[in-house]
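The structure under discussion appears below in the form of structure tokens.
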Amino acid sequence: MTKQGMTPEQAANLSMAEQHEWFRRATSRRAMLRGGLVGAGTAIVGAAGLSGTASAAPLRSAASLLPTADRPTGSTVVPFGRHISFGADPTRQMSVAWQATNSVRNPFVRIGRSPRDLGEKLHADVRVLSTLASDTSPIDSVALVSPSTVEQYYLHASLNGLRPGETYYYTVGHDGWDPRANLAVVNSFTTAPSKRGPFTFTAFGDQGISYDAVATTHLIAGQHPAFHLHAGDVSYAEGTGHGLITDSYDPKVWDSFFQQVEAVAATVPWQVASGNHEMEPWYSADGNGGLAARFDFAGQQNTYYSFSYGNVGVITLDANDVSYEIPSGNGYTGGKQTAWLKQELAALRKRADIDFIVVQFHHCAYSTCSSHASEGGVRQYWTPLFDAYAVDLVINGHNHVYERTDPLKAGKVTTAAPSGATVTPATQGTTYVVAGGAGNSLYSFPAKDSYDGAVDDVSPIASFVNEPGQTKTAESVTWSRVRYTGYCLLAIDSAPAARGRTSKLTVRAIDGFGAEIDRVVLARTAK
Ligand SMILES: [Fe+2]
Ligand SMILES: [Fe+2]
């Protein structure tokens, strides 16, 4: 099927930037013919601006764009989809984001140290995504006819100057909807402490919207995590996942997504990675304009970014940049991301307060899962750097299963690490975990499952690596230690030690019912 006069085959021959440019020209022609206000796939930003990732999109003020007739007034528009993320300094900065179903004036956050003592209005910026309904593939059985444009209003407030290790309460509103006058939803968050201490964080990827996703999302809350890592394939609004302008796309799926996760994401900072289902060529030349309108990246301007919490440094990468399997984003940073990764790893390893380095991204460095197996681009560009800086833990998604490797150096097993084992990454190398069972439909393995309580060691396993030209090269795998076909999340406990003693990072895998299926302890001498 063709869409907008282009076939998927033609789209596959274009880079992400070329697709966006073609789409921008095609839609502006159509908009002119119709006398419309704006072309599809437009990112419109408020006063503070969107990140540079959407800079190629035409910028207009939301006020000049939107029709005013018949629009609900502020008093009937209720904020929803609250989600928070760290600023650049998690001890002092937090970003609060939410959504409104219609345009609102003067969106704001009130924040305080007690739910009964919230402060003055703090300004929020609006980021609008405008998508012509005719350019979407709605999941509704009957397509939207009127209005002809899907407008999504995301509000973002950057909170600065917070105190470390402090719990704050907040509520959000806009002109006509002041939480002081309405029965308001009040949420809380806690900033990172300035001193070393134990904490837990969680992670998963490939969530989507489903009752299984509801289950895993709410299992996060039961772990009381300091933050949550999302390894990509977030909502599946981009249903095809090829990063092509001809892919199926229903932006309103994101509305359901934010509603699904709000109870957790309003309180726990969510730090997302871009998966192949986040490449949205409609909004920007790099395909990231949609994600940048919906999320914040720890105060940084790219879908690759880092932050530290206590004794753990966390790096999030955008693996669309190196994927051979799904190449529409391949090379889009021109090597900048990999150069940045090397600098970040070197900087984190030098810090005396950082024991462990955790890296998350979407496509798997090492997996035997039948669907996508391993990504050769990740092995070409990144795993040599993980070896060089002895990265402790890598978290991936993309394959909708749970899998953990033995610790690896240069792709070789250094020691067997069954569930319950202790690994010393400084000498034994990196542990790679796939945690892609957050809620989207599950995939399968070519070998039997093997996990805590149901160990069934199989080795070697016949698998493959995705290579240039979208070829698959067979490989015989001996590193697949734990496999589980089911919904899951990771809960990771950090227990820092005094200098010269052993800090521990305990990686627990939890199934969709809350039972533990795998555990490995990473141990490192504190500097
Ligand atoms: Fe996925
Ligand atoms: Fe994926």
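Excluded from the calculations below are hydrogen atoms, water molecules and symmetry mates; all remaining heavy atoms, backbone and side chain alike, are included. The chain is numbered in sequence order, starting from 1. Model, not experiment: these values are computed from the prediction.
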**Prompt:** Pick from Thr202, Leu393, Thr506: which one makes a side-chain contact (heavy atoms from CB on, under 4.5 Å) with Ile492?
**Reply:** Leu393
**Asked** His228 and ring-ring contact (aromatic ring centres under 6.0 Å, His included): which partner among Phe201, Phe204, Phe86?
**Response** Phe204
**Item:** Option among Trp340, Trp382, Phe361 that satisfies the ring-ring contact (aromatic ring centres under 6.0 Å, His included) test with Tyr304
**Value:** Trp340
Parallel, tilted or perpendicular: ring planes of [X] versus [Y], cut at 30 and 60 degrees:
X: Tyr305; Y: Phe307; answer: parallel
X: His400; Y: Tyr236; answer: perpendicular
X: Trp270; Y: His230; answer: tilted
X: His372; Y: His398; answer: parallel

**Message:** Are Thr149 and Thr131 packed together at the side-chain level, in the sense that at least one heavy-atom pair is separated by less than 4.5 angstrom?
**Reply:** no
**Message:** Is there a side-chain contact between Tyr484 and Ile517 in this structure, where contact means two heavy atoms from C-beta onward sitting under 4.5 Å apart?
**Reply:** yes
Salt bridge flag under 4.0 Å for residues [X] and [Y]:
X: Lys527; Y: Asp353; value: no
X: Lys504; Y: Asp493; value: no
X: Asp392; Y: Arg349; value: yes

**Asked** Can any side-chain N or O of Gln337 pair as donor or acceptor with the backbone N or O of Thr303 at less than 3.5 Å?
**Response** no
**Request:** Scan side-chain atoms only and decide if Gln93 and Ser158 contain a donor-acceptor pair under the 3.5 Å cut-off.
**Result:** no
**Request:** State the CZ-CG distance between Arg524 and Asn311, to the nearest 0.5 angstrom.
**Result:** 11.0 Å
